Amino acid sequence: MAQKPSIPKGTRDFNPEQVAKRNYIFSTIQNQFEKFGFQPIETPSFENSETLMGKYGDEGDRLIFKILNSGDYLSKVENSLFKEKDSNKITQIISEKALRYDLTVPFARYVVQHQNEIEFPFKRYQMQPVWRADRPQKGRFREFYQCDADVVGSTSLWQEVELVQLYDAVFTALGLNGTTIKINNRKILSGIAEVIGASDKLIDFTVALDKLDKIGEEKVKQEMLDKGISQSGIERLQPLFTLSGDFGSQIKELKAILNASEDGKKGIEELEFIDNAISELGLQTARLQLDVTLARGLNYYTGAIFEVAAPEGVNMGSIGGGGRYDDLTGIFGMKDMSGVGISFGLDRIYLVLEELDLFPVTVNKNIDVLFINFGDKEALYSLKAIKILRDKGFNTELYPDAAKMKKQMNHANKRNIPFVVLVGEQEMSKDAFTLKNMISGEQSEVTLDTLISTLT
RNA sequence: GUGGUUGUAGCUCAGUUGGUUAGAGCGCCUGAUUGUGGUUCAGGAGGUCGUCGGUUCGAGACCGAUCUUCCACCCCA
């Protein structure tokens, strides 16, 4: 016990059942991605540090896993730097690579690097693990999967409309009814900041506003004050705290607040466009909700901001997020390349489906039929039939050892195998098979043809 | 990164103010039943009590460190 091996904090092993369930989610998402015309790419699990560092804010930098250089990396560190004990400075010298933190920044790098081979607008999807050196909590891991769909090379708002539909399509296909797609717009946030004279404090302002439903109006105001936003500015925000009603009436109020801001008006226009289109097109199971307090992951979003909340009653952080970023490739030296994308948090979706018991029972199915092994002669006879069954598309298996019947039957039972075939001397002499239904317990001696038609 | 919390058999958990050989249920193995599983009955295996150190005549229990779990911040899928 003392030597029992373990895995790092925030990581997990997956057993066959879990992998089957995860694959079910992957393939459901992938199906919808492809239906919407996205194409897959993959990027390395680690990137050059400079590709990632500084793209997610200070907090993000802290959460990036750095990879130590190979060789005698300390020999390159100057003594003076060593004595300074400045972790950030030394990290830059001893670590030149880092594990990917999300899929969006590597994608931006990919677009810039391969710009001459890519046909724009480029719609790509990507389903790969990402790593964050965060403290684990429920639904928060240090290694988890994101499933991203992004479009680059088009500023058309129809993309946002399509992405809302994509969210709806995926969650509908997963049977996850009642999700809320929250939408906001960076331009509205910056417009509000402008109106209250806090343009330079946009991030602080939005981070505080984002907490409204969590910590309440008073604490949000206090946090804004602490961050240096003026009292008079905060007073001008008052209508925002009481904003309510449907999309249209919220828009109406926002128009009044943002009358003086060109940026803000543009944002409202964009939101209205998306809402009008979605109203016309309709959604299957999700609903689109304007949420002006939505302000996650703002470091690169410039237009629409999305976040998906699980159905009411499920205690889980957001299960998806995304937005429009006009300047992302700009950091890598490529101008005028607008992108918009959304992300699905596979691991959280898994937890939600598990909690609501929404995995189809068929997900667990492993094999269709198990042949009981009575000895070498019987095994050979069985394998001839098994070969045919496999060709017909049945997942078929022979128990490898001529173990006791009880053990073999028990094995079939525990693996939830629906049918068992028994072949002994009796059957061999008659060119027959005894097929047993493990659920009903019924069994009968049949020919291979009957066996196949029964299984079909 | 800050504050708190958890860890006893494969799993879920008991274990009194520190006191012999640490228990239960489920699961597992064997047999009743050498070509018939899920039910039943009988028997059996399995724990250096997360790890390391300390206090004590004596530690699963008390103290410290560390790892892990979960939670609240921070931030986020």
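No hydrogens, no waters, no symmetry mates; every other heavy atom, side chains included, goes into these values. Below, chains carry the letters A, B, ... as their sequence lines are ordered, and counting in each starts from 1. Keep in mind it's a predicted model, so treat the numbers as computed, not measured.
Every side-chain contact (heavy atoms from CB on, under 4.5 Å) that A:K138 has, sequence neighbours left out, goes to A:M316, A:E355. Partners of A:L358 by side-chain contact (heavy atoms from CB on, under 4.5 Å), not counting sequence neighbours, listed by chain and number: A:L176, A:L353, A:L356. Applying the salt bridge (charged side-chain N to carboxylate O under 4.0 Å, His left out) test to A:R62 and every residue at least two apart in sequence or in another chain returns A:E59. Considering only residues two or more places apart in sequence or on other chains, A:E354 meets the side-chain hydrogen bond (donor to acceptor under 3.5 Å, both in side chains) condition with A:K21. Residues satisfying the side-chain contact (heavy atoms from CB on, under 4.5 Å) test with A:A412, not counting sequence neighbours, are A:L370, A:I417, A:V420, A:M438.
Atom OH of A:Y301 is separated from atom C1' of B:C76 by 11 Å (rounded to the nearest Å). If you take CG of A:N413 and P of B:G27, they are 13 Å apart, rounded to a whole angstrom.
With P as the reference atom, B:C29 and B:U68 are 33 Å apart, rounded to whole Å. Nucleotides B:U20 and B:G60 have their C1' atoms positioned 15 Å apart, rounded to a whole Å. Straight-line distance between the P atoms of B:A9 and B:C75: roughly 39 Å, to the nearest whole Å. Taking atom C1' on both B:C71 and B:C11, the two are 24 Å apart, rounded to the nearest angstrom. One C1' atom belongs to B:C13, the other to B:G7, and the distance between them is 13 Å to the nearest Å. Atom name C1', nucleotides B:U5 and B:A72: the rounded distance is 11 Å, in whole Å. B:G10 and B:C76 are spaced 41 Å apart, taking the P atom of each and rounding to whole Å. Distance noted for atom C1' between B:C67 and B:U30: 39 Å (whole Å).
For the 3.5 Å distance criterion, the side chains of A:E34 and A:Y125 qualify, holding a donor opposite an acceptor. No side-chain donor from either of A:N88 and A:Q92 sits under 3.5 Å from a side-chain acceptor of the other.
OP1 and OP2 of B:A72 both lie 4.0 Å or more from every side-chain N or O belonging to A:K214. A close approach under 4.0 Å does occur between a side-chain nitrogen or oxygen of A:Q137 and OP1 or OP2 of B:A72.
On a pure distance criterion of 3.5 Å, no polar donor-acceptor pair joins the side chain of A:Q408 and the base of B:U36. In terms of polar N and O atoms assigned as donor or acceptor, the side chain of A:R135 never comes within less than 3.5 Å of the base of B:C71 in a complementary pairing.
With centres under 5.5 Å and a plane angle under 30°, the ring of A:F144 is stacked against the base of B:A77.
Listed nucleotides: B:U36, B:U2, B:U68. Nearest to the side chain of A:K9: B:U68. In this structure, of B:G35, B:C71, B:C75, it is B:C71 that holds the atom nearest to the side chain of A:K138.
Where pairing requires Watson-Crick or G-U contacts shorter than 3.5 Å, the helical stems of RNA chain B with at least three consecutive pairs are B:1-4 with B:70-73, B:10-13 with B:23-26, B:28-32 with B:40-44, B:50-54 with B:62-66.
Residues from residues 54-63 of chain A with heavy atoms under 4.0 angstrom of RNA chain B, sorted by number: A:E59, A:R62.
For residues 399-413 of chain A, every residue pair satisfying the side chain to side chain donor-acceptor pair (under 3.5 Å) rule, not counting sequence neighbours, is listed here: A:H411-A:R415. Screening residues 426-435 of chain A for salt bridge (Lys or Arg N to Asp or Glu O under 4.0 Å), with sequence neighbours left out, gives A:K430-A:E445. Sorted by first then second residue, the side chain to side chain donor-acceptor pair (under 3.5 Å) pairs that include residues 368-380 of chain A, not counting sequence neighbours, are A:K365-A:D368.
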Can you check nucleotides 29-34 of chain B for protein contacts, nitrogen or oxygen pairs under 3.5 Å, and list what you find?
unit_1, atom_1, unit_2, atom_2, d
B:G31, OP1, A:K404, NZ, 2.4
B:G31, OP2, A:K404, NZ, 3.4

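For the side-chain contact (heavy atoms from CB on, under 4.5 Å) test with A:L74, the passing option among A:N69, A:I94, A:I93 is A:I94; the others fail.
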Residues 143-152 of chain A side chain polar contacts: donor-acceptor under 3.5 Å, at least two apart:
unit_1, atom_1, unit_2, atom_2, d
A:E143, OE2, A:W131, NE1, 2.9
A:D148, OD1, A:S343, OG, 2.7
A:D148, OD2, A:T104, OG1, 3.4
A:D150, OD1, A:R124, NH1, 2.8
A:D150, OD2, A:Y325, OH, 2.3

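Heavy atoms of A:Q443 sit under 4.0 angstrom from at least one base atom.
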